[in-house]
Asker: 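Sharing a structure with you now.
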There are 2 protein chains.
Amino acid sequence: MKKKICTLKELALKLNLSISTVSRALNNHPDISNETKLKVVNLANKLNYTPNLFAQGFRKNKTNMIGVILPNVTHYFSATILKGILKQAEVKGYRVFITESNNNVKKQSEMLHTMMQFGVDGILMSISKKTKNIKDILDLLDKIPIVLFDKVSYKIPCTQIVVNEEEASFKAIEHLIHTGKKRIAIIKEDEFSFSSERRFEGYLRALKENAIDIDKNLIISCEDLSLEQGRRMTKLLLGLKNKPDAIFAITDTAAIGVIKTLKKFNIKIPEDIAVIGFSNSLHSTIIEPKLTTVDQPGEKIGKTAIEYLVKEIESSEAYVSSKTIEIKTTLIVRDSSLKTTSFI
Amino acid sequence: MKKKICTLKELALKLNLSISTVSRALNNHPDISNETKLKVVNLANKLNYTPNLFAQGFRKNKTNMIGVILPNVTHYFSATILKGILKQAEVKGYRVFITESNNNVKKQSEMLHTMMQFGVDGILMSISKKTKNIKDILDLLDKIPIVLFDKVSYKIPCTQIVVNEEEASFKAIEHLIHTGKKRIAIIKEDEFSFSSERRFEGYLRALKENAIDIDKNLIISCEDLSLEQGRRMTKLLLGLKNKPDAIFAITDTAAIGVIKTLKKFNIKIPEDIAVIGFSNSLHSTIIEPKLTTVDQPGEKIGKTAIEYLVKEIESSEAYVSSKTIEIKTTLIVRDSSLKTTSFI
DNA sequence: ATTTTCAATGCAAACGTTTGCGGGAATATT
DNA sequence: AATATTCCCGCAAACGTTTGCATTGAAAAT
């Protein structure tokens, strides 16, 4: 049960002023004398006055709320992005309303609807896998600013914050090549995953630019990239007549599955087979050997996303930007890949 | 920039009805004929009408928002609790507004204030370490329902959702004793940590009930429970003349530091020294040997917290409950401790 | 035929805040 | 001394919704 709270009216009554004067005094309006302002502010502090933000939002048609939709809060990478979002939103004076879609497309639509209904000023989202029907999102685009991050789609014309997936992947593969590896396998997702495809492009380009032939046997797609899949796919690769000398798993979790399996078969890492992951999850330093991986600066992604979104919210024109912003990653070389060039 | 949205007035105009009738029709008020209701609902759907929740909240003095304050979103355990909170809040028809205190007491106070200002219906919080000045919180208690979870304090008279820390710890130690371990070390936090102290109590009770003498050398307190501390404390324990045959680290992270160090010194786990952690974090199955640990059902904690909070919010009386609810944990035996009794 | 009853709808106030406009008093300008 | 300017402040409308009460018209009861 809520207790009632001090309002403008109460202040006005006690000070023998009009409500409008009190309101203006608290908002530091130039029309009000310093003397009055002081009196008002003092009493307001004393009575612990807090403006009813609902009345405010209602009046100004602005809630100072930003809605965030992401597939899963428990993913470490998502959590770091969230951290960046929370921090920067606070700086900018916005509150954040977070929801999880659990990769459920229907739920994602519902969340969007709820957000609108709640009158958020803008939406930040990472779209669910296999979001095919983007009609809901397109419909919303001219009503409210939306910024996509991490899991994005070029089919949606709005600002998108992503990681330089292709380049990161390219560099990871080049690192392997520079250490003398020539038969580099990739464990990727099916073609519906945006980031997987871009990482795959980087893989292809690195091989091409280094004049290494592509062996289709070394390219493995699977539906999800769990640890278990990493295990299975590794066994598959080890069954090949012509084995790989390095495995690039598009995700840390899968990479750990790879490492565990290689260890089980007593294969030396990185001498026999090197392993690289993607994400720099916390696991990557727990596993032994420590995993070489691509660090994605989650906090920065979150921060950037908020910055662009707020810019759109506070812009007076109803423009729709559709820039793509790339956040730079860095390759972190650890024990699962060779450090220096190895001449055979 | 926001576009304007269909309102009650617009519906009323198009249907040649009054605003009140439209409002009642949408709220399924018995006074309105089915015929009219149908017409209204149809048009509302067609025009994609969504009630302005700000106006609603404003009018009804209820925001259907719950504020959540926790130290750190990126901790896996916090994230699982969050998941439970989000899920159950949705079921109950509440929205959740999440903030991070980063274990910063000053920030925690600010967040509380912001939440009040924003008019949340209730607050869910996990308090920062070393929160000494609980005056802010006490002040709020009679204005708004608060439920504490995970990091709690008995000094605050409100509902608290915790894990059966003492019992869990007791069972973990008994498990070690049943496998023949007699010199069981504990790595705990200093006495300001609520949960650490309760786990320590469980440790003491288990030893006592099994008639094992307490060796003060085996009880180690440190300020934080990082992996690095786990490492350091293990070295310290290994320096003892009379070494332990098991180490209970009060946190998975520290336990992993323990394991890494033991492996470095070629000590057999669990034969020479067994290791137990607490949390069942994702790391516990990544590390080799896999860690025996106590599983804390985060989602359930979150769910329960919401349930109790909502109950208080929706209760008409301004009662202040101060029950403590214990959520049951389970010990998960993995490879870092012996499975069966070993008779020497 | 008159009154009563009842169902269906409309009127208008209220929630707390912001803001355009207008007015009165004091000060400055001529 | 008259006018113009400036400085403070109050009035009242508006935002979208809910809700107590009034109103209407028709059916039912007398």
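It should be emphasised that the depicted structure is a prediction, and the values quoted were computed from it without experimental measurement. We name chains A, B, ... by the order of the sequence lines, and we start the count at 1 in each one.
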Asker: If you only use heavy atoms from C-beta on, which nucleotide in D/dT17, C/dG10, C/dT19 is closest to the side chain of A/Ser23?
Answerer: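 Among D/dT17, C/dG10, C/dT19, the one nearest the side chain of A/Ser23 is C/dT19.
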Asker: Can you name the nearest heavy-atom pair linking A/Ile127 to A/Pro71, along with the distance?
Answerer: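 Minimum heavy-atom separation between A/Ile127 and A/Pro71: O-CG, 4.4 Å.
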Asker: Kindly give the heavy-atom pair with the smallest separation between B/Ser126 and B/Asp150, and that separation in Å.
Answerer: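 Nearest pair, atom of B/Ser126 first, then B/Asp150: OG-CB, 3.8 Å.
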Asker: Whole-Å distance between C/dG10 C1' and B/Leu13 CG?
Answerer: 15 Å
Asker: Taking C-beta and beyond as the side chain, do B/Ser78 and B/Val73 meet within less than 4.5 Å on heavy atoms?
Answerer: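 B/Ser78 does not reach B/Val73 side chain to side chain.
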Asker: Do you know the tightest heavy-atom contact between B/Val120 and B/Phe97?
Answerer: CG1-CD2, 4.0 Å
Asker: Please state how far atom CG in B/Leu8 lies from atom P in C/dA12, giving the value in whole angstrom units.
Answerer: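 After rounding, the gap between these two atoms is 18 Å.
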Asker: How many whole angstroms separate atom CG of B/Leu15 from atom P of C/dA8?
Answerer: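 The distance from CG of B/Leu15 to P of C/dA8 comes to 17 Å, rounded to the nearest Å.
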Asker: Check the distance between D/dT19's C1' and B/Leu26's CG and give it to me in whole angstrom.
Answerer: 15 Å
Asker: Which atom pair, heavy atoms only, marks the closest approach of B/Met65 to B/Tyr94?
Answerer: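 Reported closest heavy-atom pair: N-CD2, 4.1 Å.
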Asker: If you compare all heavy atoms of B/Pro157 against all heavy atoms of B/Leu138, which two are closest, and at what distance to 0.1 Å?
Answerer: CD-CD2, 3.5 Å
Asker: Is there a side-chain polar atom (N or O) of A/Tyr49 under 4.0 Å from OP1 or OP2 of C/dG16?
Answerer: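 So the side-chain polar atoms of A/Tyr49 never come under 4.0 Å of the phosphate oxygens OP1 or OP2 of C/dG16.
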Asker: Can you tell me how far P of C/dA12 sits from NZ of B/Lys9, to the nearest Å?
Answerer: 15 Å
Asker: Among the nucleotides D/dA12, C/dC11, C/dT17, which one has an atom lying closest to any side-chain atom of A/Ser20?
Answerer: D/dA12
Asker: Please classify the nucleic acid contact of B/Ile19 as base, sugar-phosphate, or nothing, using heavy-atom distances under 4.0 Å.
Answerer: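 Base, at least one base heavy atom under 4.0 Å.
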Asker: Quick one: is D/dC11 close enough that its OP1 or OP2 comes under 4.0 Å of any side-chain N or O from A/Ser18?
Answerer: no
Asker: Go through C/dC15, C/dT9, C/dC11 for me and flag the one nearest to the B/Leu17 side chain.
Answerer: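 Within the option list, the nearest is C/dT9.
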Asker: What parts of residues 27-45 of chain B reach DNA chain C, counting only heavy atoms under 4.0 Å away?
Answerer: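 Of all residues in residues 27-45 of chain B, the ones placing a heavy atom under 4.0 Å from DNA chain C are B/Asp31, B/Ile32, B/Ser33, B/Thr36.
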Asker: Could you tell me how far apart A/Arg24 (CZ) and D/dC11 (P) are, to the nearest whole angstrom?
Answerer: 12 Å
Asker: Residues in side chain to side chain contact (heavy atoms under 4.5 Å, CB included) with A/Asn102, at least two apart?
Answerer: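 A/Asn102 satisfies side chain to side chain contact (heavy atoms under 4.5 Å, CB included) with A/Glu100, A/Lys107, B/Lys83 only.
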Asker: Tell me which nucleotide among C/dG16, C/dG20, C/dT9 gets nearest to the side chain of A/Ala55.
Answerer: C/dG16
